[in-house]
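Single-structure report; data block below.
Here the structure is a predicted model, which means the values were calculated and not measured.
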Amino acid sequence: MIEILTRLENTYNGKDYAMLKRAYDFARKAHVNQKRASGEEYFIHPCTVAGILIDLGLDAATVAAAFLHDVIEDTPVSEGDIKKEFGDEVLELVVGVTKLEKIQFHSKEEEQAENFRKIFVAMAKDIRVIIIKLADRLHNMRSLNFLSVERQQRMARETLEVYAPLAHRLGISQIKCELEDLCLKYLEPEFYEYLSTNIDERLKENVELVDHVVEEVKGILSESGVSGEVYGRKKHLYSIYRKMKERNKTLDQIYDLVAIRIIVNTVDECYEVFGKIHHKWKPVPGRIKDYIATPKPNMYRSLHTTVVTNYGKVFEIQIRTYEMNHAAEYGIAAHWKYKEKKKIADDLDTRLTWIREVMEWQGGLKDSKEFLNSLKGDIYSSEVLVFTPKGDVISLPKDATPLDFAYNIHSAVGNKCVGAKVNSKMVPLNTVLQVGDVVDIITSQSSKGPSWDWLKIVKSPSARVKIKQFFKREMKEENVKTGKIMLDAEAKHRGFTLSELLTDDAFLHIATRMSFNGQDEMFASIGYGAVSVNQVIVKLIDYHRKSQPQQEITKFFKTNKKSGSSVKVKGMAGLLVRFAGCCNPVPGDDIVGFISRGHGVTVHRRDCPNLKQADDDRLIEVSWTDQTDSVYNAGIKVVGNTQTEILTVVAAAVAQFKLEIVSTNGRTDVKSNQATVDFHIRLNSKEELNNLINKLRQDPKITDVFRTAN
C-alpha cells in the first residue's frame, strides 16, 4: 500500500496528489479492521483498483473515486461526508459505482435487462463509472480462488457475458483479455490448464524461430530507415480457446499462437513496412485486414496480415503506430492518458456516440427481453464494413442488408427507403451485404414508410427498434384500438371482463411497474407488440385477486342461489352454475368449478385445456347431483373411409340409443383419403356417450372415434 502512494506522487501534480492522498487516508480509515475473503486487509482492494486506473492513465477524480468506491456500501460513511470532503464530481462517481455494485445478473431475463439499462444509464452520464467498475471486477476476478466453486462460476459467467464484452466494445483490450482468461480459468479449468501448459511448451520450442522473425523484421525497418519497435506477443488463452471451439480444431492445428507486433511513428510507415513484409514473405489469402482505413466499431486501428516464412511457419503480423497501440490497449481510457491527441479525443466522441445511440433506441422498447436481445446483438455482433458513395465507412452486423445501412444513416432515410444500389447495381432490400460493398440508398418523399416485413429483413438492433418506433408513432390510434381488443379478448378468455380488471388502482399499479403514462399508451404498446398481452393481463389478474377479499366469494354464493341444478358446489346444491362450452362436461365426467365474476360458477371437465392457465385460487370443488332430468351436448370426432358412410353409421347408432344429433361438420383429407366428421350429440350422461362411442368403434366402416373438447 506504500507503493500506491509513491505511484500517486510520481503521476499527479501537487493539487491532484493532495486530493488523492486525502482519499487514500479517508478510505483506509473507513475500511479499518475489515477483511476480504482471502483474509487480507480489505483496503488492499480499493488500492489495487486505483492502481489499475493509474495504469490506464485516468484523471485524479476517477482514481479518488476508486479509493472510495466501497465506503458508502460497506462503511458508516454517508454521501454527505464524501461531498463535503471531495466535492460533487467525486461523489457522483462513487454513487454511480455503488449503484452498479448492487446489480446481480444471475436473475430472470427481464430483471437482467433492467440491469443492463442501469449500466448504460451510468455510462451515458459519466463513462468513468463503468471504467472504475471494470477495474473493480478485474481485481475481484484475480482473487476469485478464495470463493466457493459456485460463486466462482457464477461471477466468471457474469463477467464473460457482461463485463468482458463491454471492455471490448470500449476498446480496453488490456482489461478485456485478462478478464476473458480469468473467466476461462474458472469456467473451463481443465481446458485452461491444458492450454497454459501446452502453449508454453510449444512457445519454448519456437522461441528461436520467433526471435529470428523479429530480427528479420527489424532488418526490414532498418533498410527502410524506419524507427520503431518489434516484438513477439503471445495470444491470450481465451482467444485460442474460442478459435479451437469455433473452428473445431486441435491446438496442433492453431499456428498463430504468437503475433509479431510492429510499432512505428506514422501511418505512411505502417503501409511501407506492410508492403515490404509481403515482398519478403507470401501473405495467406483472406488473412489481410486493414483496420486503419476501416477501424473496428470500438475504434481499433491496425494492419493485420498472416504470412508464410521461408521455413514454412505461419505468423500473424500486426503493424500500427504508437498512437494506435495506445488506443488499442487503453481504449476509451486513452482519452485521459493521451488527451492532448486530437485523434484520441475524436475516438472518445465516437464511442460515446454509440452509448448515446443505445440509450436513444432503448427508450422505444418497453419489453425488457427485447432490449436485452437487441443490446447483446449490438455488443457481440461481428461487423461488416461497407462504404457510402462518398467513401465513409459504416459498420454493420454480420448478414446486414441495405435496410440496416439506411437506418444506420438516419431514421428518415430508412423510413423513406424505396430501393438500394450495391456497387452501382440495383438489388433487393434483403440482399446480404459483403465487406467493402458501396451502398447507395434510394428514397422517395411519397413513401408511406416501412413495412412490417422489414422486421424480418433487418439484422441490426437499432434498425429493428427504429422500424417499431415508426409504427408506434404513426399508427398510434390503430394500435390503441387493436391493443384494447386484444386485452379485452384475453380477459374474457380467462373468465373476466376488462372493466372489472382495469380499474384506476389496477392501472396505477402496473403503470408504475411497466412505465406506462396512460391507458392509451398501454393499449398501443400491446397493439404494436412492444409488450405482450400476457404480460399485462397476468399483472391485472394478480392485482385483482389480491384486492378482492375471500368474503366476497362467499357473499356471491349466498346471493346467487338457483334451485334445480344438477351440480352442487362445495357440498351445496342449488348455486348458480353454467357449463363451459369449451369442454362440454356431461354427468359422469370428472369436473371442477371456476369462479367467474358476475357469471357464477362455470363447470369444466377437469382435463379441460383452458384450465391449465387458470388461477388456482378461483377453482372450486364441484360434483354431480342425482338429478338427471337435464340434457347436455357432447362432441365426438369420427374417422372413416367416406363422409357418407360415417353419417349413415352414426345416425343409426344415435337412433338406437334414442339420442339426438345437434350438428355435424365433415371434411376429407386429400393426402390420406380419410374422412373426418365432428358431431355434437345431445344426451343425458357420460354413460350414454361411452355406449355410443363403443358401438361406433365396433363398426368396420369406422377407423376411429373419440371424444373432443367441444
Answer whether the closest heavy-atom distance between the side chains of E92 and V95 falls below 4.5 Å. no
Determine, step by step, whether K289 and L303 satisfy the side chain to side chain contact (heavy atoms under 4.5 Å, CB included) criterion, reporting the C-alpha distance in whole Å, the side-chain angles of both residues, the deciding distance to 0.1 Å, and the verdict. CA-CA 6 Å; K289 302 290 177 62; L303 294 174; over 6 Å; no
Using the side chain to side chain contact (heavy atoms under 4.5 Å, CB included) rule, take T306 and I317 through it: C-alpha gap first, then chi angles, then the decisive distance, then the call. CA-CA 6 Å; T306 302; I317 297 178; over 6 Å; no
Answer yes or no: is there an ion pair linking K185 with E193, defined by an N-O contact shorter than 4.0 Å? no
Inspect the contact between E269 and K276 and indicate whether a charged nitrogen and a carboxylate oxygen are less than 4.0 angstrom apart. no
If you take all heavy atoms of T321 and V267, which pair is closest and at what distance? CG2-N, 3.7 Å
Taking atom NZ of K313 as the centre, does the number of heavy atoms from other residues, nucleotides or ligands within less than 6.0 Å exceed 12? no
Only one of V63, D59, T48 passes side chain to side chain contact (heavy atoms under 4.5 Å, CB included) with L53, and that residue is V63
So which heavy atom on V439 is nearest to which on P389, and how close? O-CD, 3.1 Å
Within this structure, what is the OG1-OH distance for the pair T266 and Y271, rounded to the nearest 0.5 Å? 11.5 Å
Could you go through residues 175-184 and list every donor-acceptor pair under 3.5 Å that involves a side-chain atom there, pairing it with any protein atom two or more places apart or in another chain?
unit_1: E178; atom_1: OE1; unit_2: R142; atom_2: NH2; d: 3.1
unit_1: E178; atom_1: OE2; unit_2: R142; atom_2: NE; d: 2.7
unit_1: E178; atom_1: OE2; unit_2: R142; atom_2: NH2; d: 3.4
unit_1: E180; atom_1: OE1; unit_2: H236; atom_2: NE2; d: 2.9
unit_1: D181; atom_1: OD1; unit_2: L237; atom_2: N; d: 3.1
unit_1: D181; atom_1: OD1; unit_2: Y238; atom_2: N; d: 2.8
unit_1: D181; atom_1: OD2; unit_2: L237; atom_2: N; d: 3.4

Between I319 and S302 the two heavy atoms that sit nearest each other are O-OG, 3.2 Å
Contact check, side chains of I441 and I409, non-hydrogen atoms, under 4.5 Å: no
Nearest 0.5 angstrom please: R233 CZ to E316 CD, how far? 9.0 Å
At their closest point, which heavy atom of A64 faces which heavy atom of L20, and how far apart are they? N-CD2, 3.4 Å
Nearest 0.5 angstrom please: D399 CG to L433 CG, how far? 9.5 Å
Can you tell me if N145 has over 12 outside heavy atoms packed within less than 6.0 Å of its CG? yes
Any donor and acceptor pair, going by atom type alone, linking the side chain of D404 with main-chain N or O of S460 inside 3.5 Å? yes
Looking at side-chain heavy atoms only, is the closest gap between Q152 and R157 below 4.5 Å? no
Close side-chain approach of I220 and I277, heavy atoms under 4.5 Å: yes
Charged N to carboxylate O under 4.0 angstrom, K133 versus D136? yes
Would you kindly say whether Y17 and N10 are connected by a side-chain donor-acceptor distance under 3.5 Å? no
With rounding to the nearest 0.5 Å, note down the distance linking CD in Q174 to CG in L138. 9.0 Å
Does the N423 side chain pair with the main chain of V438, one donor and one acceptor, at a distance under 3.5 Å? yes
d(L8 CG, M19 CE) to nearest 0.5 Å is 10.0 Å
Fit a plane to each ring of F43 and Y24, take the angle between them on a 0 to 90° scale, and name the class: parallel (under 30°), tilted (30 to 60°) or perpendicular (over 60°). perpendicular
In sequence, state the C-alpha distance, the side-chain angles, and the governing distance for T388 and F405, and then conclude on side chain to side chain contact (heavy atoms under 4.5 Å, CB included). CA-CA 9 Å; T388 69; F405 180 93; 3.8 Å; yes
For the residue pair S227 and N265, confirm or rule out a side-chain donor-acceptor distance under 3.5 Å. yes
Heavy-atom check, side chain of P295 versus side chain of Y300, under 4.5 Å: no
Backbone of Y194 reached by a side-chain donor or acceptor of N198 within 3.5 Å: yes
Test item: S173 side-chain N/O and A328 main-chain N/O as donor-acceptor pair under 3.5 Å: yes
Can you name the closest pair of heavy atoms from G232 and V210 and give their distance? CA-CG1, 4.4 Å
Do T305 and R287 get their side chains close enough for a donor-acceptor pair, meaning under 3.5 Å? no
Start with the C-alpha gap between V213 and V258, add the side-chain angles, then the distance that decides, and say whether side chain to side chain contact (heavy atoms under 4.5 Å, CB included) holds. CA-CA 11 Å; V213 173; V258 176; over 6 Å; no
A quick test of your reading: do over 12 heavy atoms of other residues, nucleotides or ligands sit less than 6.0 Å from NZ of K235? yes
When you measure from the side chain of R464 to the backbone N and O of V458, does any donor-acceptor pair fall under 3.5 Å? yes
Are I442 and M426 packed together at the side-chain level, in the sense that at least one heavy-atom pair is separated by less than 4.5 angstrom? yes
Ignoring hydrogens and geometry, is there a side-chain-to-backbone donor-acceptor pair from D290 to I292 under 3.5 Å? yes
Indicate, with yes or no, if the rings of F86 and F26 have centres closer together than 6.0 Å. yes
Once you measure the plane-to-plane angle for H45 and H139, does it fall in the parallel (<30°), tilted (30-60°) or perpendicular (>60°) bin? parallel
Is the closest side-chain heavy-atom distance between E229 and I262 below 4.5 Å? no
Whether the side chain of S411 engages the backbone of Y407 through a donor-acceptor N/O pair (distance < 3.5 Å, no angle test) should be reported. no
Check whether any side-chain heavy atom of V307 lies under 4.5 Å from a side-chain heavy atom of K282, and answer yes or no. no
Verify whether one side chain among Y12 and R7 offers a donor that lies under 3.5 Å from an acceptor in the other. no
Any donor-acceptor N or O pair under 3.5 Å, side chains N140, R36: yes
One should read off an interatomic distance between Y192 OH and T197 OG1, to the nearest 0.5 angstrom, of 10.0 Å
How are the rings of H278 and F274 set relative to one another: parallel (under 30°), tilted (30 to 60°) or perpendicular (over 60°)? tilted
Would you say the side-chain atoms of T401 and K459 include a donor-acceptor pair closer than 3.5 Å? no
Nearest heavy-atom neighbours spanning M244 and F191: CE-CZ, 3.8 Å
